[in-house]
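Each residue takes its place number in the sequence, starting with 1. Side-chain atoms are counted along with the backbone in the values below, which use heavy atoms only and exclude waters and symmetry mates.
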Amino acid sequence: MTGLRSYAAALGVVIPAGGWGKAKTVITIVALLLVLLEGDASQGGWLTSQSMPGRALLSPLGPYTLPVWSLLVAVVWTVGSGAEYIREAIPLLTRPTVTDALSRSENEP
């Protein structure tokens, strides 16, 4: 996405951060926080493994804990955010560039 935004900036177009991208950032931060807290709990840190939120949800969610599920949601949201950026950039990617216009004018009689 950085390359796409850089390309747009070179053309003088700003692709603003969308709702999906902003939500992705929050979801990813929360997921990483949960992963860090789970690791701390398994090492005997300030959170014990019995008090970890994912432990209570172990049965309905299968063998995965809440941090794992939150990371999966973050990945899905990241793909959705990327799709939003690409959708916004399709007109930018399909419009003729200055180089195309120059090459067409050179080929015309």
Side-chain angles (χ1 to χ4, degrees):
M1 293 306 109
T2 302
L4 182 61
R5 291 182 83 164
S6 296
Y7 176 72
L11 296 176
V13 177
V14 175
I15 302 176
W20 278 79
K22 291 176 183 180
K24 174 203 57 114
T25 301
V26 172
I27 291 168
T28 302
I29 289 170
V30 169
L32 291 174
L33 179 65
L34 289 172
V35 168
L36 291 172
L37 290 176
E38 183 182 47
D40 188 47
S42 68
Q43 304 255 330
W46 64 277
L47 267 181
T48 63
S49 60
Q50 288 80 23
S51 68
M52 187 64 197
R55 302 290 178 220
L57 300 173
L58 189 59
S59 297
L61 297 177
Y64 303 113
T65 60
L66 184 61
V68 173
W69 281 103
S70 63
L71 284 174
L72 290 172
V73 169
V75 167
V76 169
W77 216 273
T78 299
V79 171
S81 172
E84 180 185 40
Y85 274 113
I86 291 171
R87 182 178 45 86
E88 298 265 334
I90 285 175
L92 186 72
L93 296 172
T94 57
R95 78 178 190 187
T97 62
V98 174
T99 315
D100 293 337
L102 288 175
S103 66
R104 271 189 240 132
S105 66
E106 289 173 358
N107 293 334
E108 293 176 359

Visitor: Using the rule that two of Ile, Leu, Val, Met, Phe, Trp, Tyr join whenever any of their side-chain heavy atoms come within less than 4.5 Å, decide whether Leu92 and Ile86 are in one cluster.
Guide: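 Result: yes, single cluster for both.
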Visitor: Out of curiosity, does Tyr7 fall in the hydrophobic cluster containing Tyr85 (side-chain heavy atoms, cut-off under 4.5 Å, transitive links)?
Guide: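 Tyr85 and Tyr7: one cluster.
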Visitor: Might you point out which heavy atoms bring Gly21 and Ser81 nearest each other, and give the distance in Å?
Guide: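 Between these two residues, the closest heavy atoms are CA-OG, 3.4 Å.
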Visitor: Drop me the distance from Ser6's OG to Leu11's CG, to the nearest 0.5 angstrom.
Guide: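 Reported value, rounded in 0.5 Å steps: 11.0 Å.
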Visitor: Say whether Trp20 and Ile27 are linked into one hydrophobic cluster, either directly or through other cluster members, by side-chain heavy-atom distances under 4.5 angstrom.
Guide: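 Trp20 and Ile27: one cluster.
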Visitor: Quick one: which of Leu32, Val75, Leu34 gives a side chain to side chain contact (heavy atoms under 4.5 Å, CB included) with Ser70?
Guide: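 It is Leu34; the other options fail the test.
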